[in-house]
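Since the structure comes first, as structure tokens, the remarks are kept for the end.
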Amino acid sequence: MKTARILLIILLMPALLFACNKQQPTLEGESAYPAAPAGQMPGAAASSTEESEAIPTTPPQQPTADMNIYPVNVPLTLQQVSSEVIGALQANDLAKVATYVHPVQGLRFSPYSYINPEDLVFTAEVLPGLLDDPQIHNWGIYDGSGLPIDLAFSDYYAQFVYSADFANADQVAYNQFIGTGNMINNLTDFYPGAEFVEYHFKGFDKQYEGLDWQSLLLVFSYEGGTYYLVGIVHAQWTI
């Protein structure tokens with residue numbers, strides 16, 4: 001009988017050992033799940049091809065301030081620039097005019113439509129203070145009398161720059177001339193390739209039948225997408 005019990009225990013031992021191992025709890029920090037294949041997150045099944053394509057791996061790039069998306073420093077048109085300059089001249093705001101002056105060529109002032117190389121040129125730096133400068137300059141000679149035009153800038157400005165309200169002129173022309181007289185107009189020869197705007201009054205007193213016409217011409221050099229003011233030319237009927 002004793003021998004039979006021993007044989008029974010020996011036969012049942014494998015089954016008892018299997019049951020004990022199946023019910024043994026996992027140790028702390030040890031996973032009860034089998035290790036996931038390399039490259040796959042534990043506890044998650046591999047995504048299907050469709051799901052992988054539907055979910056982007058990185059968010060789309062958003063526009064930022066330093067991206068050159070839209071053009072910067074879009075040049076103003078000739079009409080816009082000339083309108084701002086003539087408005088500044090009307091207001092005697094030479095500081096604003098100076099912001100349009102060519103940084104190398106400066107700004108030449110010509111009292112008549114025939115432009116001379118000797119016509120005075122001023123830089124943008126000195127322009128804002130000229131209306132208050134009492135210094136007398138020689139600007140050329142008066143048509144008809146041949147007398148020297150010796151004037152302070154403020155007096156020249158009144159006679160040969162803003163001698164009429166050109167901001168409200170009778171006519172305005174872009175890159176073509178309106179006023180014509182006996183004096184040669186050499187603007188396009190003196191400023192080859194330049195663009196210009198003419199502000200023109202047909203006349204002020206009917207008895208002169210238009211012989212008292214006046215024009216102010218703003219001459220611009222277009223460089224690198226910017227219009228630079230290089231000349232202010234006064235024109236009128238000459239003898």
Side-chain angles (χ1 to χ4, degrees), residues 68-116 119-128 130-131 139 153-154 156-181 183-204 210 212-238:
N68 197 17
I69 299 175
Y70 299 104
V72 181
N73 299 325
V74 178
L76 295 174
T77 66
L78 178 62
Q79 181 178 358
Q80 289 173 310
V81 173
S82 62
S83 178
E84 292 184 13
V85 172
I86 201 69
L89 292 173
Q90 181 189 42
N92 298 332
D93 188 355
L94 295 189
K96 184 174 182 179
V97 174
T99 63
Y100 296 93
V101 172
H102 195 286
V104 177
Q105 297 182 34
L107 177 59
R108 174 178 280 103
F109 290 86
S110 302
Y112 297 108
S113 58
Y114 187 83
I115 302 166
N116 288 290
D119 291 340
L120 297 184
V121 178
F122 296 91
T123 64
E125 289 74 19
V126 303
L127 193 64
L130 289 178
L131 284 174
W139 305 86
F153 184 87
S154 58
Y156 177 87
Y157 192 88
Q159 292 184 36
F160 294 102
V161 179
Y162 213 77
S163 57
D165 189 14
F166 291 110
N168 295 293
D170 294 333
Q171 295 175 288
V172 180
Y174 301 92
N175 295 321
Q176 61 182 4
F177 299 109
I178 304 174
T180 57
M183 184 174 288
I184 297 173
N185 184 335
N186 67 339
L187 187 151
T188 54
D189 294 327
F190 195 91
Y191 297 103
E195 300 187 49
F196 60 92
V197 182
E198 179 173 355
Y199 296 86
H200 178 76
F201 279 107
K202 302 174 183 178
F204 303 93
D212 57 343
W213 66 267
Q214 289 189 48
S215 287
L216 189 70
L217 296 100
L218 306 180
V219 187
F220 296 91
S221 176
Y222 186 70
E223 301 176 18
T226 301
Y227 283 102
Y228 294 105
L229 183 66
V230 294
I232 295 181
V233 182
H234 187 270
Q236 63 186 64
W237 180 263
T238 53

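No experiment lies behind these values; they were computed from the predicted model shown.
In this structure, the side chain of D119 does not engage the main chain of R108 through any donor-acceptor pair within 3.5 Å. Distance alone, capped at 3.5 Å, places no donor-acceptor pair between the Q105 side chain and the V230 backbone. Side-chain atoms of E223 never come within 3.5 Å of backbone atoms of Y228 as a donor-acceptor pair (strictly under, hydrogens ignored). With hydrogens and angles ignored, the 3.5 Å screen pairs no side-chain donor or acceptor of Y199 with any backbone N or O of D165.
Of all heavy-atom pairs spanning P128 and L94, the tightest one is CA-CB, 4.0 Å. When all heavy atoms are compared, the tightest approach of Y162 to A167 is OH-N, 3.0 Å. Nearest heavy atom pair, residue A88 against residue V97, reads CB-CG2, 3.6 Å. The two residues V81 and F220 have their closest heavy-atom pair at CG1-CE2, 3.5 Å. Closest approach of D212 to G203, counting heavy atoms only: OD1-CA, 3.3 Å. For the pair H234 and Q214, the tightest heavy-atom approach, listed with the atom from each and the gap, is NE2-OE1, 3.1 Å.
Using a 4.5 Å cut-off on side-chain heavy atoms (C-beta onward), L218 and V233 make no contact. Inter-residue side-chain proximity for F196 and T188 is flagged as met; some heavy-atom pair is nearer than 4.5 Å. When side chains are defined from C-beta on, N175 counts as touching L78, because their heavy atoms get closer than 4.5 Å. Here the side chains of I232 and F160 are not in contact, with every heavy-atom distance at 4.5 Å or above. For the pair N168/Q90, a side-chain contact is recorded, criterion being any heavy-atom separation below 4.5 Å from C-beta on. Taking the side chain as every heavy atom from C-beta outward, T180 and N185 never approach each other to under 4.5 Å. Counting heavy atoms from C-beta on, the side chains of Y174 and S82 come closer than 4.5 Å. At least one side-chain heavy atom of L187 sits under 4.5 Å from a side-chain heavy atom of F177.
More than 12 non-hydrogen atoms from other residues, nucleotides or ligands lie less than 6.0 angstrom from CG of L131.
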Show your reasoning for whether side chain to side chain contact (heavy atoms under 4.5 Å, CB included) applies to L89 and L216. CA-CA 11 Å; L89 292 173; L216 189 70; 4.1 Å; yes
Using the side chain to side chain contact (heavy atoms under 4.5 Å, CB included) rule, take Y191 and I115 through it: C-alpha gap first, then chi angles, then the decisive distance, then the call. CA-CA 9 Å; Y191 297 103; I115 302 166; 3.5 Å; yes
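Here the straight-line distance linking atom OG of S113 with atom CG of N186 works out to 7.5 Å at 0.5 Å rounding. Y222 OH to E195 CD: the interatomic distance, rounded to the nearest 0.5 Å, is 8.5 Å. Rounding to the nearest 0.5 Å gives a distance of 8.5 Å between CZ of F122 and CG of L127. How far CD of E198 is from CD1 of I178: 4.5 Å, rounded to the nearest 0.5 Å.
Ring geometry for W213 against H200 counts as tilted: the plane angle lies between 30° and 60°, on a 0 to 90° scale. Ring orientation note: the planes of Y157 and F153 are tilted relative to one another, at an angle of 30° to 60°. Between F166 and F201, the two ring planes are tilted [angle within 30° to 60°].
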